[in-house]
Amino acid sequence: MGIETLREAWNLSWEIHVRCLDDGREGMKHKRRCGYRKYLDLETLVCTRGRDFPLARIAERLRCPRCGC
């Protein structure tokens, strides 16, 4: 049985970190990679998303503050 919700992750004192997926490619052009990384506060996620929010949906709700990816 895997951990599926924010409640379960928080109860187990997990840490969640995010990284930007922008690899610096725009078609045939290349630019500098974003490389943004940050640890997320799990308690704040529980307060704003709810205890039963599925971990699998976190990625679709986030956007890089540096580049918007």
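Since the model is a prediction, treat every value here as computed from it, not as a measurement.
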Keeping to residues at least two apart or across chains, list the ring-ring contact (aromatic ring centres under 6.0 Å, His included) pairs with something in residues 33-52.
H17-Y39

Residues in salt bridge (charged side-chain N to carboxylate O under 4.0 Å, His left out) contact with R7, at least two apart in sequence or another chain:
D52

Passes side-chain contact (heavy atoms from CB on, under 4.5 Å), V18 versus I58? Steps please.
CA-CA 10 Å; V18 295; I58 288 180; 5.5 Å; no

Under the ring-ring contact (aromatic ring centres under 6.0 Å, His included) definition, can you give me all pairs with a residue in residues 50-69, not counting sequence neighbours?
none

Sorted by chain and number, sequence neighbours left out, salt bridge (charged side-chain N to carboxylate O under 4.0 Å, His left out) with D41 holds for none

Checking W14 now: which residues fulfil side-chain contact (heavy atoms from CB on, under 4.5 Å) with it, not counting sequence neighbours?
I3, A9, L12, L42, L55

Considering residues at least two apart in sequence or located in another chain, which fulfil the salt bridge (charged side-chain N to carboxylate O under 4.0 Å, His left out) criterion with R57?
E60

With rounding to the nearest 0.5 angstrom, report the CG to CG distance, L45 to L62.
7.5 Å

Backbone of R19 reached by a side-chain donor or acceptor of R37 within 3.5 Å
no

Determine whether C69 and C34 satisfy the following criterion, side-chain contact (heavy atoms from CB on, under 4.5 Å), listing intermediate values before the conclusion.
CA-CA 9 Å; C69 180; C34 178; over 6 Å; no

